[in-house]
Trainee: 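Okay, here's the structure, questions in a sec.
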Amino acid sequence: MLSISVTFIAVSCIGKNDKALALPPGYNLNNPQKYSMPDILQEISGIAFNKGDNTFVYAQQDEDGKLFKLPLGSKDETVTKFAGKGDYEDVSVINNWVILLKSNGDLFSFPLSETKNESTGMVKENTGLVPKGEYEGMFADEATGNVYLLCKNCKTDKGSKLTSGYVFAFNNNGTFKAKGTFKINASKIDNLTGKKKGTFHPSALAINPLTKEWYIISSVNKVLVVLDSKWGIKNAYHLSSNTFNQPEGIAFDKQGNLYISNEGSETQVGNILRFDYKKK
């Protein structure tokens, strides 16, 4: 059973007459640099960098238990098999370990050094960490040693505008210890975007290293939400389908540049979009 030590309820304090800016400060979401993915990553989901270094990006797709590593701008990927087939949704790198999230909330971890191999037997499978539900978003914060999971569809959130999240301390043997929970109140998103978005179903999350704000994307709702450190929503931005086919992953490099991965379709290849940070 999951033990819980602390709970935060985050409620937006944005006034109902406030309007969202067209773009998040520093980022032009209409003008990305596009990196097309190899065919095997047509269904790319989560993405991550190691310590914010954008030389290589780590990614996974949602059908096979394989981690992909490739230079941005290249389709010359290396592959490490870590588990069997399954619905894998996100990836993070922390303290020279890789963590991968399965849609049922299970976490798979193994040393980053294993990515030089075609397969690894040094995998820790961590099960039963969170209540039953569908999970797509995970972020590992090296600054705190915490790992955050966001529920996409959970019974505890049904019928409300709340989204449940879970915090774990990462142990250097690849295991996790429950540290707390939090909830995001998404009731202001429609007002902030000026569009009816419906129930919030987050796909991925990351901390902006420049502002320390949380950035969360929802593929179903085509929205980017910016939150403070206590999970209070500060603003929300509509993501155009013309640019974002199916946004599933998010990451920042150490310069604060923003990356969002998109699954492909019959007419588009999977890609990673880069939005350079430009201080005004």
Side-chain angles (χ1 to χ4, degrees), residues 8-32 45-47 89-90 134-139 148-154 157-165 182-252 256-263 272-280:
F8 300 104
I9 303 293
V11 181
S12 173
C13 59
I14 302 294
K16 65 180 180 180
N17 293 321
D18 292 342
K19 297 297 182 182
L21 298 174
L23 299 169
Y27 303 99
N28 183 354
L29 298 182
N30 301 313
N31 187 30
S45 192
I47 55 174
E89 295 292 350
D90 214 345
E134 183 181 1
Y135 298 81
E136 286 197 358
M138 173 187 63
F139 180 76
Y148 301 83
L149 268 65
L150 267 183
C151 196
K152 179 181 179 183
N153 281 308
C154 280
D157 300 331
K158 192 172 182 179
S160 75
K161 287 287 188 178
L162 299 177
T163 296
S164 295
F182 59 93
K183 287 187 182 292
I184 296 171
N185 186 334
S187 61
K188 299 293 185 180
I189 290 178
D190 288 359
N191 184 56
L192 289 169
T193 61
K195 296 179 180 290
K196 190 169 180 59
K197 292 293 183 180
T199 305
F200 188 46
H201 296 294
S203 306
L205 70 160
I207 293 176
N208 184 322
L210 303 181
T211 66
K212 307 306 179 184
E213 296 167 316
W214 285 102
Y215 277 51
I216 300 176
I217 56 172
S218 173
S219 181
V220 173
N221 312 92
K222 288 289 198 299
V223 65
L224 168 66
V225 182
V226 179
L227 306 91
D228 61 29
S229 61
K230 298 296 185 182
W231 304 101
I233 292 179
K234 299 178 69 174
N235 221 325
Y237 306 89
H238 173 68
L239 299 178
S240 170
S241 297
N242 294 329
T243 303
F244 302 91
N245 183 59
Q246 189 173 329
E248 295 283 353
I250 188 169
F252 289 90
N257 302 313
L258 169 64
Y259 301 77
I260 296 177
S261 57
N262 290 269
E263 285 193 17
I272 295 176
L273 303 179
R274 170 175 169 160
F275 303 90
D276 286 353
Y277 176 74
K278 295 183 179 179
K279 187 176 181 180
K280 292 184 179 181

Trainee: Taking atom CG of Asn208 and atom CG of Leu258, what is their separation to the nearest 0.5 Å?
Mentor: 8.0 Å
Trainee: Checking Met138 against Leu150 for the side chain to side chain contact (heavy atoms under 4.5 Å, CB included) test, could you report, in this order, the C-alpha distance in whole Å, the side-chain angles of both residues, the deciding distance, and whether it holds?
Mentor: CA-CA 6 Å; Met138 173 187 63; Leu150 267 183; over 6 Å; no
Trainee: I need the minimum non-hydrogen distance between Pro32 and Phe275, along with the two atoms involved.
Mentor: CB-CE2, 3.3 Å
Trainee: State the CD1-OH distance between Ile47 and Tyr259, to the nearest 0.5 angstrom.
Mentor: 9.0 Å
Trainee: Is the shortest heavy-atom distance from the side chain of Ile216 to the side chain of Leu224 under 4.5 Å?
Mentor: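 Not touching, per the 4.5 Å side-chain cut-off.
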Trainee: Report yes if some heavy atom in the side chain of Asn221 is under 4.5 Å from a heavy atom in the side chain of Phe200; otherwise report no.
Mentor: yes
Trainee: Identify the two heavy atoms, one from His238 and one from Lys222, that lie closest to each other, and give their separation to 0.1 Å.
Mentor: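 His238 and Lys222 have their closest heavy atoms at ND1-O, 3.6 Å.
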Trainee: For Asn262 and Glu248, indicate whether the former's side chain and the latter's backbone hold a donor-acceptor pair under 3.5 Å.
Mentor: no
Trainee: Going by the rule salt bridge (Lys or Arg N to Asp or Glu O under 4.0 Å), which residues pair with Asp157 if we only count those two or more places apart in sequence or in a different chain?
Mentor: Lys183
Trainee: Just verifying a value: how many Å separate Asp190 CG and Lys197 NZ, rounded to the nearest 0.5 Å?
Mentor: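 One gets 8.5 Å once the value is rounded to the nearest 0.5 Å.
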Trainee: Any side-chain heavy atom of Ile207 within less than 4.5 Å of one from Phe252?
Mentor: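 No - every pair of side-chain heavy atoms lies 4.5 Å or more apart.
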Trainee: So if I apply the side chain to side chain contact (heavy atoms under 4.5 Å, CB included) rule between Ser219 and each of Pro202, Ser45, Ser203, which one comes out positive?
Mentor: Ser203
Trainee: Under 3.5 Å, is there a donor-acceptor pair between the Asn153 and His201 side chains?
Mentor: yes
Trainee: Would you call the rings of Phe182 and Trp231 parallel, tilted or perpendicular, taking 30° and 60° as the class edges?
Mentor: parallel
Trainee: Could you tell me whether the side chain of Asp90 reaches within less than 4.5 Å of the side chain of Tyr135, counting heavy atoms only?
Mentor: no
Trainee: With a 4.5 Å cut-off on side-chain heavy atoms, are Leu162 and Ile184 touching?
Mentor: no
Trainee: In Å, rounded to the nearest 0.5 Å, how long is the span from NZ of Lys230 to CH2 of Trp214?
Mentor: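 The distance works out to 12.5 Å.
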Trainee: Is the closest side-chain heavy-atom distance between Ile260 and Ile272 below 4.5 Å?
Mentor: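 No, their side chains stay 4.5 Å or more apart.
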Trainee: Do you know the tightest heavy-atom contact between Ala251 and Ala206?
Mentor: CA-CB, 4.4 Å
Trainee: Is there a side-chain contact between Ile217 and Val223 (heavy atoms, below 4.5 Å)?
Mentor: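 Of all side-chain heavy-atom pairs linking Val223 with Ile217, none is under 4.5 Å.
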Trainee: If you measure only the distance, is there a donor-acceptor pair under 3.5 Å linking the side chains of Asn28 and Tyr277?
Mentor: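 No, Tyr277 and Asn28 have no side-chain donor paired with an acceptor closer than 3.5 Å.
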Trainee: Please report the C-alpha distance between Phe244 and Leu273 in whole Å, then the side-chain angles of each, then the deciding distance to 0.1 Å, and finally whether the side chain to side chain contact (heavy atoms under 4.5 Å, CB included) criterion is met.
Mentor: CA-CA 9 Å; Phe244 302 91; Leu273 303 179; 4.0 Å; yes
Trainee: What distance separates Thr163 OG1 from Lys152 NZ, expressed to the nearest 0.5 Å?
Mentor: 12.0 Å
Trainee: Nearest 0.5 angstrom please: Asn30 CG to Leu23 CG, how far?
Mentor: 5.5 Å
Trainee: Indicate yes or no: does Asp276 engage Lys278 in a salt bridge with an N to O separation below 4.0 Å.
Mentor: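 Judged by the 4.0 Å cut-off on N to carboxylate O distance, Asp276 and Lys278 do not form a salt bridge.
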Trainee: What do the steps show when you test Tyr215 against Leu227 for side chain to side chain contact (heavy atoms under 4.5 Å, CB included), and what is the final call?
Mentor: CA-CA 7 Å; Tyr215 277 51; Leu227 306 91; over 6 Å; no
Trainee: Evaluate Leu205 against Tyr148 for side chain to side chain contact (heavy atoms under 4.5 Å, CB included), listing each step before the verdict.
Mentor: CA-CA 9 Å; Leu205 70 160; Tyr148 301 83; 4.3 Å; yes
Trainee: Quick check: closest heavy atoms across Arg274 and Asn257, and the distance to 0.1 Å?
Mentor: NH2-ND2, 3.3 Å
